[in-house]
Amino acid sequence: MKRIFAVHIIIILFLISCEGNRNNENEIKNSVKIENEDKAIPANTETKGYCPKDGFIPDKETAVSVAEIVLVKIYGKEVLSQRPFLVTLKDNIWIIEGHLEEDMDGGVAYIEIDKQTGQIRKVVHTK
């Protein structure tokens, strides 16, 4: 019986100390001054984030720059020998294709990039 009573006392003391810590945390949070509080985003709020009106890949030059970075990472610097790249925009998808001189054998790099999001939709190398 004494043992059960002692366990209950320990549990009650633990709960009281936890409640005290919780109150201290709230006091600390309330005492901290947040700069630009009106611009702060609450942690539990979903935000859309920034999206440029012309998309993340707004022009041909940006599309080629992104394509080159991705293609070099996959196929190595040799892929840059396929310049100048043929670039077309179809249904808000940039299509960037390498080219070979007429007397050369082999395939070319091909990549599709979403104009709005910058998502790489497809990467292949033809044969």
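Computed from a predicted structure; not experimentally measured.
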task = Answer yes or no: is there a side-chain heavy-atom contact under 4.5 Å between Lys115 and Leu89?
result = yes

Cluster membership besides Val108, Ile/Leu/Val/Met/Phe/Trp/Tyr side chains within less than 4.5 angstrom, sorted by chain and number, is Leu100, Met104

Between Val79 and Phe85, the two heavy atoms sitting closest are O-CZ, 4.0 Å

Subject >> Note, Ile120 side chain near Ile111 side chain (heavy atom, < 4.5 Å) >> reply: yes

d(Ile96 CD1, Ile113 CD1) to nearest 0.5 Å is 4.0 Å

For a 4.5 angstrom cut-off between non-hydrogen side-chain atoms, does Ile57 reach Asp114? no

Output for pair (His125 NE2, Glu97 CD), nearest 0.5 Å, gives 11.5 Å

So side chain to side chain donor-acceptor pair (under 3.5 Å) across residues 83-94, not counting sequence neighbours, yields Glu68-Arg83

**Asked** Between Ser65 and Glu61, is there a donor-acceptor pair closer than 3.5 Å when you use the side chain of the first and the backbone of the second?
**Response** yes

Tightest non-hydrogen contact, residues Ile93 and Glu112, listed as CG2-CB, 3.7 Å

Check your understanding: If Ile, Leu, Val, Met, Phe, Trp and Tyr residues are connected whenever their side-chain heavy atoms lie under 4.5 Å apart, and connections chain through other members, are Val124 and Leu80 in the same group?
Key -> no

(message) Quick one, Tyr110 and Ile95 - any side-chain contact, counting heavy atoms below 4.5 Å?
(response) yes

In terms of heavy-atom contacts, Tyr50 and Phe56 come closest through O-CZ, 3.3 Å

For Pro84, does its backbone N or O pair with a side-chain atom of His99 as donor and acceptor, under 3.5 Å? yes

